[in-house]
Amino acid sequence: MDRPTRQRERDSDTDQEVEETTSEQTCDECGSSALVTSEDQGELVCEDCGLIIEATNIDRGPEWRAFNHSERNNKSRVGAPTTQTMHDKGLTTQIDWKDKDAYGRSLSSKKRNQMNRLRKWQERIRTKDAGERNLQFALSEIDRMASALGVPRSVREVASVIYRRALDEDLIRGRSIEGVSTSCLYAACRREGIPRSLEEIADVSRVERKEIGRTYRYISQELSLAMEPVDPKEYVPRFCSELNSSEEVQAKANEIIDVTAEKGLLSGKSPTGFAAAAIYAASLLCNDKRTQKEVAAVAQVTEVTIRNRYQEQIEAMGLH
């Protein structure tokens, strides 16, 4: 029983000797003691002058060479990286649907029936309990809505992590899976700085806007998600792009938002309506006129909202 303990003690003593030797070494060129070991090649390098003091011949790369992307994929012996967007994090295997063997030859009818049975059972055992089935359905909903909204993959990863946390904290009980998954996606969009309004989220979801907002507030409070208020300027580039407005209009709209926000007009106002009114005012000032109906359709707000915010912004800017 004492042998493993002695072995660990000898290993720790050896590591301490290596660390002491490294700390005592100095650079032969400049005399500096700031020596670091590179992670890729394992070389001992001076940080000040760049002199390589000790070099190893261990190549930690693959033993094969590839000259293009297809060769690299064919020769690689590792799978895809783990991801939070799948209920099993992408670690399970899947039986191919092609009824062919390793040499590309067609399988016999008996083998095809056997493979069909194996595929069926493999699909059944991928989700062993209700929690995994819940997670599988919710993550597929998040992926569907994220694709419809055109958000990057980082947002999907963050939304999946938030939903996993909500599932671990038992926050799903008594609420619909669609409502919680939609709220997690909206929270991920805000965390990653990808502006999507509740109306846009509700358009691709199977639940109503009111339920999304109520569930989002509950999830963010229970999980202590620190959410900053949405800046209306985050909506300006996308709205101007959909309206085919010039860069001058976009810059003027940002200026109007900055000036009016400093005077406290943004407090309690919808950021989408505030951004839409600023774009409408900027289009009039830059002689690139857009109607209130066009701007309202892009921002998914009413024309009354644009008129009210427009009047407030014009008065704050001192324009008539």
Side-chain angles (χ1 to χ4, degrees), residues 141-152 155-156 159 178-179 181-183 185-190 192-216 227 229-261 265-317 319-320:
E141 278 292 295
I142 291 175
D143 190 67
R144 179 189 64 81
M145 292 184 290
S147 299
L149 290 171
V151 296
V155 175
R156 308 182 192 192
E178 295 90 342
S181 59
T182 307
S183 303
L185 180 61
Y186 177 65
C189 289
R190 294 190 59 173
E192 293 297 300
I194 307 297
R196 292 295 184 272
S197 63
L198 272 176
E199 288 77 11
E200 293 176 298
I201 298 289
D203 287 343
V204 299
S205 177
R206 294 190 175 98
V207 293
E208 297 180 353
R209 179 186 182 279
K210 187 176 181 180
E211 182 181 351
I212 297 172
R214 182 170 60 246
T215 308
Y216 162 73
M227 294 295 179
V230 180
D231 190 356
K233 292 195 295 183
E234 294 180 353
Y235 292 97
V236 172
R238 184 158 56 92
F239 291 168
C240 288
S241 176
E242 295 181 12
L243 289 169
N244 293 324
S245 299
S246 61
E247 294 184 0
E248 183 184 1
V249 173
Q250 182 175 335
K252 191 65 177 179
N254 289 329
E255 180 185 349
I256 293 174
I257 292 175
D258 289 335
V259 173
T260 54
L265 295 182
L266 183 56
S267 178
K269 305 296 191 305
S270 170
T272 53
F274 205 83
I279 293 174
Y280 175 70
S283 63
L284 295 179
L285 294 174
C286 297
N287 200 20
D288 186 11
K289 295 183 179 180
R290 295 289 188 272
T291 63
Q292 295 180 2
K293 185 176 181 180
E294 291 175 337
V295 180
V298 168
Q300 293 186 348
V301 295
T302 61
E303 298 178 34
V304 177
T305 301
I306 293 180
R307 282 196 293 270
N308 293 337
R309 300 291 88 78
Y310 167 74
Q311 291 295 335
E312 295 171 356
Q313 291 173 356
I314 290 298
E315 292 177 1
M317 295 285 291
L319 303 174
H320 298 286

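Predicted model only: the values in this text are computed from it and were never measured.
- Side-chain contact between Leu265 and Phe274 is present, with heavy atoms from C-beta onward closer than 4.5 Å.
- Residues Glu255 and Lys252 are paired through a salt bridge, judged by an N-O separation under 4.0 Å between the basic side chain and the carboxylate.
- Put simply, CZ on Arg206 and OG1 on Thr182 are 9.0 Å apart, with the number rounded to the nearest 0.5 Å.
- Atom CD of Glu242 is surrounded by more than 12 heavy atoms from other residues, nucleotides or ligands within 6.0 Å.
- At a threshold of 4.5 Å between non-hydrogen side-chain atoms, the residues Lys293 and Ile306 do not count as touching.
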- Show the numbers, then the answer: is there a side chain to side chain contact (heavy atoms under 4.5 Å, CB included) between Asp203 and Gln300? CA-CA 11 Å; Asp203 287 343; Gln300 293 186 348; 3.0 Å; yes
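- In this structure, Pro271 and Pro232 approach most closely via the heavy-atom pair O-CB, 3.6 Å.
- Once rounded to the nearest 0.5 Å, the distance linking CG of Asn254 with CG of Asp231 reads 8.5 Å.
- Checked by atom type and distance alone, the side chain of Arg307 never pairs as donor or acceptor with a backbone atom of Thr302 at under 3.5 Å.
- The two atoms that bring Gly273 and Thr305 nearest to each other are CA-CG2, 4.2 Å, heavy atoms only.
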- Query: Passes side chain to side chain contact (heavy atoms under 4.5 Å, CB included), Arg156 versus Ser147? Steps please.
  - Reply: CA-CA 9 Å; Arg156 308 182 192 192; Ser147 299; 3.4 Å; yes
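- Interatomic distance, Thr291 OG1 to Leu243 CG, rounded to the nearest 0.5 Å: 9.0 Å.
- In this structure, Phe239 and Thr272 approach most closely via the heavy-atom pair CE1-O, 4.1 Å.
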- Task: Please step through side chain to side chain contact (heavy atoms under 4.5 Å, CB included) for the pair Ile201 and Met145, ending with a clear verdict.
- Result: CA-CA 8 Å; Ile201 298 289; Met145 292 184 290; 5.6 Å; no
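- The side chain to side chain contact (heavy atoms under 4.5 Å, CB included) with Ser283 is formed by just one residue from the set Glu294, Lys289, Arg290; it is Arg290.
- In this structure, the separation between CD1 on Ile212 and OG on Ser205 is 4.0 Å, given to the nearest 0.5 Å.
- With hydrogens and angles disregarded, no donor-acceptor distance shorter than 3.5 Å links the side chain of Arg309 to the backbone of Ala275.
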- Query: Do Tyr310 and Leu284 pass the side chain to side chain contact (heavy atoms under 4.5 Å, CB included) test, and can you show the C-alpha distance, the side-chain angles, and the key distance before you say yes or no?
  - Reply: CA-CA 11 Å; Tyr310 167 74; Leu284 295 179; 3.6 Å; yes
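- For the pair Gln250 and Ser245, the minimum side-chain heavy-atom distance is 4.5 Å or more.
- Side-chain atoms of Arg238 come within 3.5 Å of backbone N or O of Pro195 as a donor-acceptor pair.
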- Query: Can you list the steps and then say if Arg144 with Glu141 is a salt bridge (charged side-chain N to carboxylate O under 4.0 Å, His left out)?
  - Reply: CA-CA 5 Å; Arg144 179 189 64 81; Glu141 278 292 295; 3.1 Å; yes
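- Within the 4.5 Å cutoff, no side-chain heavy atoms of Leu185 are placed close to those of Arg196.
- Separating the CD atom in Glu200 from the SG atom in Cys189 is a distance of 9.0 Å, to the nearest 0.5 Å.
- Of the possible donor and acceptor atoms, none in the side chain of Gln313 sits under 3.5 Å from a partner among the backbone N and O of Val259.
- A salt bridge is defined here as a Lys NZ or Arg NE, NH1 or NH2 lying under 4.0 Å from an Asp or Glu carboxylate O, and Glu199 with Arg209 meets this definition.
- Separating the CD1 atom in Ile314 from the CD1 atom in Ile256 is a distance of 6.0 Å, to the nearest 0.5 Å.
- Looking at Thr260 and Leu266, their side chains never come closer than 4.5 Å, going by heavy atoms from C-beta outward.
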